[in-house]
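Each remark here refers to the structure printed beneath this line.
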Amino acid sequence: MPLLEVTDLRTYFTTDAGVARAVDGVSLQVGVGETLGIVGESGCGKTVTALSVLRLIPSPPGEIMAGSSIRFNDEELLEVEPARLREIRGNEISMIFQEPMTSLNPVFTVGYQIQEVLRLHRGLSKREARAAGVALLAEVGIPEPDQRFDAYPHQMSGGMLQRVMIAIALSCEPRLLIADEPTTALDVTIQAQILDLLVEMQRKHGMALLLITHDLGVIAEVCDRVVVMYGGQIVETGTTEEILTRPQHPYTQGLLASLPGIGDRDVRLNPIPGTVPSAVDWPDGCRFRDRCSFAWERCAESAPDLLPVDGRSSRSARCWLLDPDEAAGRGAHVTPGEPT
Amino acid sequence: MTTFIVRRLLGAIPLVLGIATIIFFVVNLAPGDPADRFSSPSMSPEAREQIRVNLGLDQPIHIRYVRWLGALAQGDLGVSFSRNRPVTDIIQELLPNTLLLSFTAIGVAFVLGILLGILQAVRQYSLLDSIASIVGLFFYSMPSFWLALMMVLLFSLFASVWGWPIYFPASDIQSIDYAFLSPFEKVRDRLWHLTLPATSLALVLAAGIARYTRASMLEEIRQDFVRTARAKGLSERVVIFKHTLRNALIPVITLVGLYLPFLFSGTVFIETVFAWPGMGKLVVDAILQRDYPIIMGGSLVFAMMVVVGNLVADVLYAVVDPRIRYD
């Protein structure tokens, strides 16, 4: 049984322009101690997916639609009482965010913000929580933790603040850590340090990690399995190695092809043409077809389900090319996975 | 922090000096002669001149200015023309009444305004939010003296005529038999007299504060750190009243400084409407009687309270927001 099992998650937002289907039928599982990466462009719904797990979607305008299911440790999170949900948040499932500079409250010391969790979930006294908090700061690699404990967020750098966020997230030994683009706002050198820290902490505490990123390099370094999202849906799943070496969906192929390689000084970057369509107005059929060089009439008629690759359910892609019968109907034969 | 306060207080000295100068010239250059009050048409010109000499009005204006400043430096505000008592004595007697009224009003206004603002922000676009906004706009737009008159009409006159279970006195700070009341009844009597004037001042202020608080709360509630607080499993009460409110209060604190002049000008009207023996009524009466020393002394006290109020707001700023700790 997986630790986290999301089934047919639909999170819609009511906007002036119409209903934005930001997450539109996402299903995924995270096993105990596993690292799952969610990768995709801005606006593909990866952050909304992550926020939905802890029911942190502001409502209104957001709403997790009926029929969605998020099971954690065999408990339906979409149905638990608010009190139980607060028990889970920060205790069994923790979350860290993209912008460490704004994710901490500017008017409280970082120490206070760590203590808060320890006192709430573990019932520590103020003094015990301070000792535990200083130990946590030391554990996430903050120098002079005893002094830093009393510092305010504006007195620390982005990298240090993200370490503080990680310390807060780890303070109650959660079973699942959701990291929403934890390194995006940081310098490249700091990014590597934070990633290393996350991996180290994950191994040490044996927790599962749901890592959201748009950076395939991060995925390659950290994740066991990967979910690729596009247009509010999952378009491909597989192990990190499978996704990076044998991508099946044209979108995943495009993402990989757009990466600059070392030494490719003279080669122009190879971006995916076009832009992500608006979430209030997804195209019928395959949502990627306007940007896809393989698209044919079939893609406009209807979108495929996630089709198994190599006959395994853990490996799938949402593309008609994977259905031999359908692909045969396409005039020119192009084997999926071949570079274009 | 201490050095900051000391520095600000020292910086206030030229400010107060400037205010004193402006007050002096505005009052003394205004048309009209205080001696008129003591003279009659049948008086001889010599007697009339003697009155001017007695009041010190025979000197040229710059001499009077320097003398007044010199006395001021020694804490002497002169002697009232109409009451024949030192102005400082009169102010000492009446200032507590004004402070009681203003601090009650501003205290009630901030508690009421902030609570209402939070409630409106948390329930944005609800029926309660709309009603509170409309009612708030009504009070925000009302001059407090008009509100005071309407409250007198309703809660003093009609309430007693129609036999409501409770009505409030329309004037004065205490009952005639105050001296004979027990200590508990004395407090009750004071509060009873305080209710209408303080409410008519507080409602106008509270409406403004509620609008500011609502806007500020809505701004902060969208911030990332509020989401972090929720993700930590904190209860909504802690998320709103601790994490959001503490940040939302920063701009609201500016209002303390901004509202003080408004509050003091409000007390001038309110004290007149309710015959409240305070600074505002004192100054208004003094203006009508051309009692220069009281007008100048009273205005100066108001000005200094505004200066101190702004200093308090600045200090509160630093208390709430660690990013602006003055060194």
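Here is how names work: the chains are called A, B, and so on, in the same order as the sequence lines, proteins then strands, and each is numbered from 1. Small disclaimer: the values here were computed from a predicted structure and weren't measured.
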query: How far apart are the C-alpha atoms of B:Leu234 and A:Glu116, what are their side-chain angles, what is the distance that settles it, and do they pass the side-chain contact (heavy atoms from CB on, under 4.5 Å) test?
result: CA-CA 8 Å; B:Leu234 298 171; A:Glu116 220 175 12; 3.6 Å; yes
- request: To the nearest 0.5 angstrom, please state how far the CZ atom of B:Arg246 sits from the CZ atom of A:Phe108.
  value: 5.0 Å
message: Minimum heavy-atom separation for B:Ala231 and A:Met95, please, with both atom names.
response: CB-CB, 4.4 Å
query: More than 12 foreign heavy atoms under 6.0 Å from CZ of A:Phe149: is that the case here?
result: yes
message: Within the supplied structure, the quantity of interest is the number of heavy atoms (other residues, nucleotides, ligands) at a distance under 6.0 Å from B:Tyr212 OH; does it exceed 12?
response: no
message: Under 4.5 Å from any heavy atom of chain B, what part of A:Gln113 do you find: side chain, backbone, both or neither?
response: both
query: Is it the backbone or the side chain of A:Leu51 that comes under 4.5 Å from a heavy atom of chain B, or both, or neither?
result: side chain
Largest heavy-atom contact set with chain A, pairs under 4.5 Å, which of B:His243, B:Arg230, B:Glu236: B:His243
query: More than 12 non-hydrogen atoms from neighbouring residues, nucleotides or ligands closer than 6.0 Å to CE on B:Met304, yes or no?
result: no
query: Of the backbone (N, CA, C, O) and the side chain (C-beta and beyond), which part of B:Ile221 lies under 4.5 Å from a heavy atom of chain A, both, or neither?
result: neither
- prompt: Does a side-chain heavy-atom distance below 4.5 Å link A:Asn105 with B:Thr228?
  reply: no
field: B:Arg123 atom CZ, over 12 foreign heavy atoms within 6.0 Å
entry: no
Segment of A:Leu104 engaging chain B (4.5 angstrom heavy-atom cut-off): backbone
message: Counting only non-hydrogen atoms closer than 4.5 Å, does A:Ser103 touch chain B with its backbone (N, CA, C, O), its side chain (CB onward), both, or neither?
response: both
- prompt: Tell me, side chain or backbone of A:Met165 under 4.5 Å from chain B's heavy atoms, or both, or neither?
  reply: side chain
query: Side chain, backbone, both or neither: which part of B:Val238 has a heavy atom under 4.5 Å from chain A?
result: side chain
- prompt: Can you say whether A:Ile168 sits under 4.5 Å from chain B via the side chain, the backbone, both, or neither, judging by heavy atoms?
  reply: side chain
- prompt: Where do A:Pro106 and B:Pro322 come nearest, in terms of heavy atoms and distance?
  reply: O-CG, 3.2 Å
query: If you look at every heavy atom in A:Arg86 and B:Ser235, which pair is closest and at what distance?
result: CD-CA, 3.4 Å
